[in-house]
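Only one structure is covered here, and it is reproduced in the block below.
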Number of protein chains: 2
Amino acid sequence: MNFSITEENYIKNIYHLQQQSELVNTNSLAFELQTKPASVTDMLKKLQIKNLLDYEKYKGFRLTNKGNKVAINIVRRHRLWEFFLVTKLGFEWDKVHSIAEELEHVSNQELIQKLDRFLNHPQIDPHGDPIPDGNGKIPIIHQLSIADVIENKKVIVSSVANQSPAILELLNHYHINIGTEIKINQRFSFDRSIEIKVGKYAPCIISELVAKNIFVHHE
Amino acid sequence: MNFSITEENYIKNIYHLQQQSELVNTNSLAFELQTKPASVTDMLKKLQIKNLLDYEKYKGFRLTNKGNKVAINIVRRHRLWEFFLVTKLGFEWDKVHSIAEELEHVSNQELIQKLDRFLNHPQIDPHGDPIPDGNGKIPIIHQLSIADVIENKKVIVSSVANQSPAILELLNHYHINIGTEIKINQRFSFDRSIEIKVGKYAPCIISELVAKNIFVHHE
DNA sequence: ATTTATTTTTAGACAAATCTAAAAAATATA
DNA sequence: TATATTTTTTAGATTTGTCTAAAAATAAAT
């Protein structure tokens, strides 16, 4: 089934509000969508008729199973595009949200499947949020900084805490990008620097400061 | 200035019809857009008010300079996305049009600029149509099959005539893709096979049949 | 030059998504 | 418990893009 861009935006925002409280209310959704409560009420009725929403007048509302699946699919598209924009097009992570909000509505299934494969099935987006897989399963992923990874472990870069041009320049030099695989080789106690192996490049040493700013996850 | 998806679709289709005849008429545009002539007339008035269209009742219409610039920008976005879908996501060229029709309406300038750079500033899309540059200049490009390229010339693959899985499998083997650079080394008269060098791979020999199916352009 | 046919436009209606202003329900306060 | 406040909903209007049916203009044919 296909939904309008407006419907998708409602569904997605209800989904996000539900992460904070089980039941969502009209005013907060109106605020989130930058619209008026009256408009929200209108749309709630439509979504209820389409079986996407459990809604009782004056009592609040929540997504049905069906609505939830739709929402997760939108979130998946959004986060895949964010990953693409950062890792392939070189956007900084704080600039991609609004573009991804437009791209997420291009709903061709094969497109998303192929994009996912092209990006190598990323599990975490550049903001550190998990990317649902094609079946709607949301990976639970433990993120930690490189400074906290034990020796001889292979990890994948998920996000970078400090996004200053200075650190981005350095990471570029190390060939470190979001999604790249890193093996932690050895920790040196003198200055707490760490030897790592980035992808297929020769091992190199990064400072503790850099290590603390790179967040990674396993597998 | 920003335009609705509907407006953009009208502008783009007027542009395409103008390639065939200077003046466009209501019925043909209605046919192209799969809509009714009455709806077209309504939109023509709006586009005229926005200075995108020269329009005289019952006489036909054409894009203004401003309208033309907008159209070329949409075409640019469409063809860049088509190039992306084929070369990066592995779609076949006859399957990308409808997806690109959706992606083309994501109008963020920086996105298109970065996409262009990521794709290495392609000049021809997978259908063999030229991709306008950021200033709206449309490259005039001479395409020919590899079989017709003189020795020692470097060319860029622009399209493949036969899109059967059989030839795609073979091209994949040769590392030949749309956008890849090929140097024509030597022609062998016995079977008219041709030695080529694909990118940075070792030289290889392709049959005349393959050569005739690969279209390329210079620079 | 009329008549006929085609093309284009107008007039008025409709659906989606929105708004304002007012009414109704729920919640908080005295 | 009665009153005040907040939240939510309804009623009716608006905008964008569409439609059908009828009228007007243009083009073709006798």
Side-chain angles (χ1 to χ4, degrees), chain A residues 1-14 17-18 20-63 67 70-71 74 101-102 104-105 107, chain B residues 1-15 17-18 20-63 67 70-71 74 101-102 104-107:
Chain A
M1 196 173 266
N2 247 13
F3 304 101
S4 74
I5 290 175
T6 314
E7 284 171 330
E8 289 198 343
N9 281 331
Y10 272 87
I11 294 165
K12 185 185 65 172
N13 278 282
I14 295 168
L17 286 171
Q18 271 192 283
Q20 298 184 288
S21 68
E22 189 66 26
L23 216 62
V24 185
N25 52 307
T26 307
N27 262 359
S28 51
L29 182 54
F31 177 80
E32 214 64 32
L33 287 163
Q34 300 270 60
T35 186
K36 305 288 152 171
S39 311
V40 169
T41 303
D42 287 344
M43 181 58 87
L44 294 180
K45 289 179 196 162
K46 285 182 208 160
L47 296 178
Q48 188 181 35
I49 288 166
K50 294 191 178 185
N51 276 312
L52 297 164
L53 204 64
D54 278 333
Y55 166 51
E56 224 182 314
K57 268 190 192 176
Y58 294 103
K59 296 278 171 67
F61 46 90
R62 59 160 66 85
L63 292 169
V70 174
I74 300 166
E101 294 231 281
E102 294 191 59
E104 75 192 6
H105 301 296
S107 60
Chain B
M1 196 173 267
N2 248 14
F3 304 101
S4 75
I5 290 175
T6 313
E7 285 171 330
E8 288 198 344
N9 281 331
Y10 272 87
I11 294 165
K12 186 185 65 173
N13 279 283
I14 294 168
Y15 175 83
L17 286 171
Q18 272 191 283
Q20 298 183 289
S21 69
E22 189 65 27
L23 216 62
V24 183
N25 53 308
T26 308
N27 262 359
S28 50
L29 182 54
F31 177 79
E32 214 63 33
L33 287 164
Q34 302 269 60
T35 186
K36 304 288 152 171
S39 311
V40 170
T41 304
D42 286 344
M43 182 58 87
L44 294 179
K45 289 178 196 162
K46 285 184 208 161
L47 296 179
Q48 188 182 36
I49 288 166
K50 294 191 178 186
N51 276 312
L52 296 164
L53 205 65
D54 279 333
Y55 166 52
E56 224 182 316
K57 268 189 191 177
Y58 295 104
K59 295 278 170 66
F61 46 91
R62 59 159 67 83
L63 292 170
V70 174
I74 300 166
E101 294 230 284
E102 294 191 60
E104 76 191 6
H105 301 296
V106 179
S107 62

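A note on names: the letters A, B, ... follow the listed sequences, proteins ahead of strands, and every chain is numbered from 1.
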Please report, rounded to the nearest Å, how far the [atom2] atom of [N] is from the [atom1] atom of [X].
X     : N      : atom1 : atom2 : result
A:L23 : D:dT8  : CG    : C1'   : 14 Å
B:Y55 : C:dT10 : OH    : C1'   : 11 Å
A:M43 : D:dT10 : CE    : P     : 16 Å
B:I5  : D:dG17 : CD1   : P     : 10 Å
A:K50 : C:dA17 : NZ    : C1'   : 12 Å
A:E56 : C:dA26 : CD    : P     : 10 Å
B:L44 : D:dG17 : CG    : P     : 13 Å
B:F31 : C:dT7  : CZ    : C1'   : 16 Å

- Message: Is a donor from one side chain sitting under 3.5 angstrom from an acceptor on the other, for A:N9 and A:T6?
- Response: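 Their side chains do not contain a donor-acceptor pair, so the 3.5 Å distance test is not met.
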
May I ask you to evaluate whether [X] reaches the phosphate of [N], defined as a side-chain N or O under 4.0 Å from OP1 or OP2?
X     : N      : value
B:K59 : D:dA25 : no
A:T26 : D:dT9  : yes
A:T41 : D:dT9  : yes
A:N27 : D:dT8  : yes
B:Y58 : D:dA23 : no
B:N25 : C:dT8  : yes
B:K57 : D:dT26 : no
A:T35 : C:dA17 : no
B:K36 : D:dT18 : no
B:Y10 : D:dT16 : no

- Counting any heavy atom closer than 4.0 Å, what does B:T6 reach on the DNA or RNA strands: base, sugar-phosphate only, or nothing? sugar-phosphate

- Can any side-chain N or O of A:Q18 pair as donor or acceptor with the backbone N or O of A:L63 at less than 3.5 Å? yes

- Check whether any side-chain N or O of B:S28 sits under 3.5 Å from a backbone N or O of B:N25 as a donor-acceptor pair, and report yes or no. yes

- Message: Tell me whether B:K46 is salt-bridged to B:E7, with the criterion being a basic N under 4.0 Å from an acidic carboxylate O.
- Response: no

- Query: Which one, C:dT20, D:dG17, D:dT20, comes nearest to the side chain of A:A38?
  - Reply: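 Nearest listed nucleotide: C:dT20.
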
- Which one, C:dT10, D:dT9, D:dG17, comes nearest to the side chain of B:E7? D:dG17

- Message: If you define the side chain from C-beta out and look only at heavy atoms, does anything of A:Y10 sit under 4.5 Å from A:L53?
- Response: no

- Message: To the nearest 0.5 Å, what is the distance between CD1 on A:I49 and CG on A:L44?
- Response: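 CG of A:L44 is found 11.0 Å from CD1 of A:I49.
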
